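Computed from a predicted structure; not experimentally measured. Each ligand, and each atom within it, is numbered from 1 in the order the structure gives.
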Amino acid sequence: MPATIRFFEQVNRYFDRASSTLEYPPGLLSLIKSCNAVYHVSFPLRRDDGTIEVIHGWRAHHSQHRLPVKGGIRISEHASEDEVTALAALMTYKCALLDLPFGGAKGAIRAEKENYSDAELERIIRRYTFELVQRNCLGAEVDVPGPDMGIGQREIAWISDTYSALTRGDGAGGAAITGKPLSQGGVRGRVEATGRGVYFGVREAVAQKEDMDRLGLPLGLEGKTVVIQGLGNVGYHAGKFIQGDGGKIVGIVERDGAIYDERGFDIDSVAAHRANGGSILEIDAHLRLPPEESAAGLEWPCDILLPAAIENVIHEGNAPRLNTKIVAEAANGPTTAAASELLRERGIKVIPDLYLNAGGVTVSYFEWVKNLSRIRFGRMGRRFEAASNGKILHAVEGLTGRSFPEDVFARVAVGASEEDLVNSGLEETMVAGYHQIREFAATQGVDFRSAAFAIAIRKVAISYQERGIFP
Ligand code: NAD
């Protein structure tokens with residue numbers, strides 16, 4: 001891989017490219033671009049064997065033009081101040097793009113999860129939470145973290161519990177953190193939300209005839225070949241929904257190796273095998289790459305390449321060799337700015353991370369609203385809606401003189417559940433978001449990434465201009 005440019009610098013290059021088409025004073029653009037605050041904490045961990053180790057963690061608040069700020073927490077051996085700042089910036093633009101009322105933030109703990117016992121991990125996460133609370137970096141109206149790499153419902157529950165132990169509850173019904181298990185005030189559909197959102201975005205992309213004609217691809221997901229990097233929360237769920245709609249997962253690129261087969265893999269079987277401790281290289285496949293060469297799997301032929309692991313995996317070194325028509329950026333920052341130029345020149349369509357993986361924060365927004373209002377979505381209206389639908393069906397029967405089969409009543413004369421409402425809100429956000437970007441790109445003659453950034457920058461700029469500057 002060629003010399004690395006800092007991740008935050010990559011994001012700012014995208015920002016500069018997009019903002020050059022907008023007429024805002026340079027000072028305002030600098031204000032939007034800069035990261036307001038980064039907190040670096042280091043704290044001791046007592047390991048199970050009694051030794052002491054120092055752990056480093058960060059929380060970046062990129063922009064407070066809207067409060068609370070919002071962004072996941074990740075645990076990774078590669079975590080750094082640069083990474084967390086870049087990811088916080090992406091959160092600012094992501095939330096603005098999709099009209100989610102948050103500023104951008106991100107958190108990270110530098111640790112290789114596999115090296116710690118569950119008890120050690122719990123101590124790390126609870127102590128990191130304590131450090132955030134000490135700095136007023138947690139709270140329903142201040143800063144609302146959520147899950148990211150290596151952080152799932154279990155870890156989120158520890159954070160939520162530590163927060164309420166330290167604050168005796170802040171009166172906001174768990175709204176200080178999202179991605180919680182249901183029993184802790186979580187919302188149905190959050191676990192799979194990012195992957196489901198990726199699916200909605202990809203589905204929308206392949207439904208545009210003009211765009212597919214230009215790429216020489218048929219319409220729809222049926223039969224489209226997909227290579228996925230990272231079979232974690234996002235990659236697995238995105239792959240599962242795409243496969244469920246006719247897409248064929250022909251390649252999987254993981255840390256322990258990569259596999260390829262034109263016949264396609266059953267993503268659930270691969271995930272189940274890995275969950276039971278099996279290696280990806282034990283799966284029956286036409287081609288295999290060992291761990292140290294697995295990144296070369298990104299170059300395997302496919303219609304859609306779906307990076308869903310880490311940043312900077314598509315760079316100047318491999319961008320000329322990618323054998324795909326579409327890059328669907330499920331991960332944050334998978335493509336460097338230089339590679340992005342090369343992909344544009346090669347006519348490869350990029351669906352940018354800024355938009356494509358925003359399903360997670362969208363559903364986190366729903367969870368936050370649920371916690372603030374302290375009522376499950378659908379609880380008030382579901383029976384009423386079911387009765388209304390039933391009345392409409394009976395009225396149609398009365399008018400036509402024909403009866404609907406019982407199963408039609410069972411399917412139609414029901415009200416929406418919380419999961420129905422969450423998924424519907426997510427679909428609406430992703431579909432409307434796609435067309436907002438596509439229209440801007442077409443009218444301004446820019447690519448999708450620049451369009452997404454420009455739309456976001458405009459919204460943040462309006463907010464800053466209207467708020468003025470303190471003091
Ligand atoms: P995860 O920890 O659940 O999964 C990551 C997967 O990538 C793991 O299976 C891991 O083994 C694999 N991986 C890591 N390094 C790799 C490498 N070098 N090569 C191949 N595979 C590798 O994480 P996740 O939550 O699915 O997040 C994945 C990406 O999606 C990240 O960029 C994250 O910031 C982004 N994202 C996540 C969410 C969310 O809700 N979880 C929301 C938005 C964006």
Side-chain angles (χ1 to χ4, degrees), residues 1 7 11 70-79 83-84 86-91 94-95 98 100 104 106-109 111-114 145-156 178-180 186-187 189-198 201 227-240 251-259 267 270-271 273-275 279-280 289-298 305-315 318 328-335 352-365 367 426 430:
M1 183 175 157
F7 187 11
V11 174
K70 179 108 193 69
I73 294 172
R74 62 168 54 178
I75 182 160
S76 141
E77 68 273 30
H78 304 297
E83 181 187 77
V84 91
L87 291 166
L90 283 175
M91 283 304 295
K94 198 180 292 187
C95 291
L98 294 182
L100 306 170
K106 202 78 181 187
I109 300 169
E112 175 142 25
K113 214 177 158 187
E114 290 71 27
D148 197 78
M149 271 175 70
I151 299 282
Q153 285 193 337
R154 180 185 67 162
E155 292 78 12
I156 291 289
T178 61
K180 300 179 292 296
V187 75
R190 173 61 185 93
V191 173
E192 60 273 37
T194 309
R196 193 189 287 274
V198 168
V227 170
I228 298 179
Q229 183 192 40
L231 209 57
N233 177 303
V234 178
Y236 164 71
H237 286 108
K240 187 174 161 67
I252 300 175
V253 181
E254 254 293 342
R255 289 208 279 201
D256 55 337
I259 50 173
I267 198 159
V270 179
H273 176 76
R274 295 190 77 239
S279 158
I280 200 156
L289 289 168
E292 60 282 7
E293 291 170 29
S294 82
L298 295 171
L305 175 64
L306 199 144
I310 52 169
E311 50 268 13
N312 294 339
V313 292
I314 300 175
H315 45 79
N318 62 6
E329 294 186 340
N332 278 310
T335 312
D353 52 357
L354 197 57
Y355 156 73
L356 194 62
N357 67 33
V361 65
T362 302
V363 173
S364 277
Y365 167 49
E367 181 175 336
L426 173 60
M430 295 306 295

Asker: Purely on distance, is any nitrogen or oxygen of K94 under 3.5 Å from one on ligand 1?
Answerer: no
Asker: Give the contacting part of A308 toward ligand 1: side chain, backbone, both or neither, where contact means a heavy-atom distance below 4.0 Å.
Answerer: backbone
Asker: Please indicate whether any nitrogen or oxygen in E254 is less than 3.5 Å from any nitrogen or oxygen in ligand 1.
Answerer: yes
Asker: Under a 4.5 Å cut-off applied to non-hydrogen side-chain atoms, are M149 and H78 in contact?
Answerer: no
Asker: Test of understanding: given a 4.0 Å heavy-atom threshold, classify the contact between I310 and ligand 1 as side chain, backbone, both, or neither.
Answerer: side chain
Asker: Tell me, do R274 and L231 make a side-chain contact under 4.5 Å, heavy atoms counted?
Answerer: yes
Asker: From N357 CG over to T362 OG1, what is the distance, rounded to the nearest 0.5 angstrom?
Answerer: 9.5 Å
Asker: Minimum distance, heavy atoms only, to atom 5 (C) of ligand 1: which one of G197, G232, G179 is it?
Answerer: G232
Asker: For ligand 1, indicate whether the residue R74 contacts it via side chain, backbone, both or neither (heavy-atom separation under 4.0 Å).
Answerer: side chain
Asker: Check if G150 has a non-hydrogen atom at a distance under 4.0 Å from any atom of ligand 1.
Answerer: yes
Asker: Can you find an N or O of D148 that's nearer than 3.5 Å to an N or O of ligand 1?
Answerer: yes
Asker: Show which atoms of ligand 1 fall inside a sub-4.0 Å distance from at least one heavy-atom site of A330.
Answerer: 30 (O)
Asker: I need the I73 CD1 to I109 CD1 distance, nearest 0.5 Å.
Answerer: 6.5 Å
Asker: Taking S294 for the side chain and V253 for the main chain, is one N or O donor matched with an acceptor at less than 3.5 Å?
Answerer: no
Asker: Is there a donor-acceptor pair closer than 3.5 Å between any side-chain N or O of E367 and the backbone N or O of G179?
Answerer: yes
Asker: So, D256 side chain and I280 main chain: donor-acceptor pair closer than 3.5 Å or not?
Answerer: yes
Asker: Contact between G72 and ligand 1, counting heavy atoms under 4.0 Å?
Answerer: no
Asker: Determine, using heavy atoms of E77 and all atoms of ligand 1, whether some pair is separated by less than 4.0 Å.
Answerer: no
Asker: Based purely on interatomic distance, does A309 place a nitrogen or oxygen under 3.5 Å from a nitrogen or oxygen of ligand 1?
Answerer: yes
Asker: Among R255, E329, E311, E114, which one has a heavy atom closest to atom 13 (N) of ligand 1?
Answerer: R255
Asker: Does a side-chain heavy-atom distance below 4.5 Å link K70 with L100?
Answerer: no
Asker: Hey, is L231 touching ligand 1 through its side chain, its backbone, both or neither, going by heavy atoms under 4.0 Å?
Answerer: backbone
Asker: Would you kindly specify which portion of A358 sits under 4.0 Å from ligand 1, judged on non-hydrogen atoms: side chain, backbone, both or neither?
Answerer: neither
Asker: Are R255 and P291 close enough that some pair of their side-chain heavy atoms sits under 4.5 Å apart?
Answerer: no
Asker: Of the backbone atoms (N, CA, C, O) and the side-chain heavy atoms from C-beta on, which set of T194 has a member under 4.0 Å from an atom of ligand 1: side chain, backbone, both, or neither?
Answerer: side chain
Asker: Does H78 approach ligand 1 within less than 4.0 angstrom via side chain, backbone, both or neither, non-hydrogen atoms only?
Answerer: neither
Asker: Taking atom 24 (P) of ligand 1 as the point of reference, which of V234, L87, L90, I151 owns the nearest heavy atom?
Answerer: V234
Asker: Answer whether the closest heavy-atom distance between the side chains of E155 and I75 falls below 4.5 Å.
Answerer: no
Asker: For atom 3 (O) of ligand 1, what is the nearest protein heavy atom, given as residue, atom name and distance?
Answerer: N233 N, 2.9 Å
Asker: Flag G235 as yes when one of its N or O atoms lies below 3.5 Å from any N or O atom of ligand 1, and as no otherwise.
Answerer: no
Asker: For V253, which part has a heavy atom under 4.0 Å from ligand 1: side chain, backbone, both, or neither?
Answerer: backbone
Asker: How many angstroms lie between atom OG1 of T194 and atom CG of L426, to the nearest 0.5 angstrom?
Answerer: 8.5 Å
Asker: Taking the side chain as everything from C-beta on, heavy atoms only, tell me whether K106 gets closer than 4.5 Å to D148.
Answerer: yes
Asker: Are the side chains of H237 and V191 in contact, using a 4.5 Å heavy-atom criterion?
Answerer: yes
Asker: With heavy-atom distances below 4.0 Å as the criterion, list the atoms of ligand 1 near Q229.
Answerer: 19 (N), 20 (C)
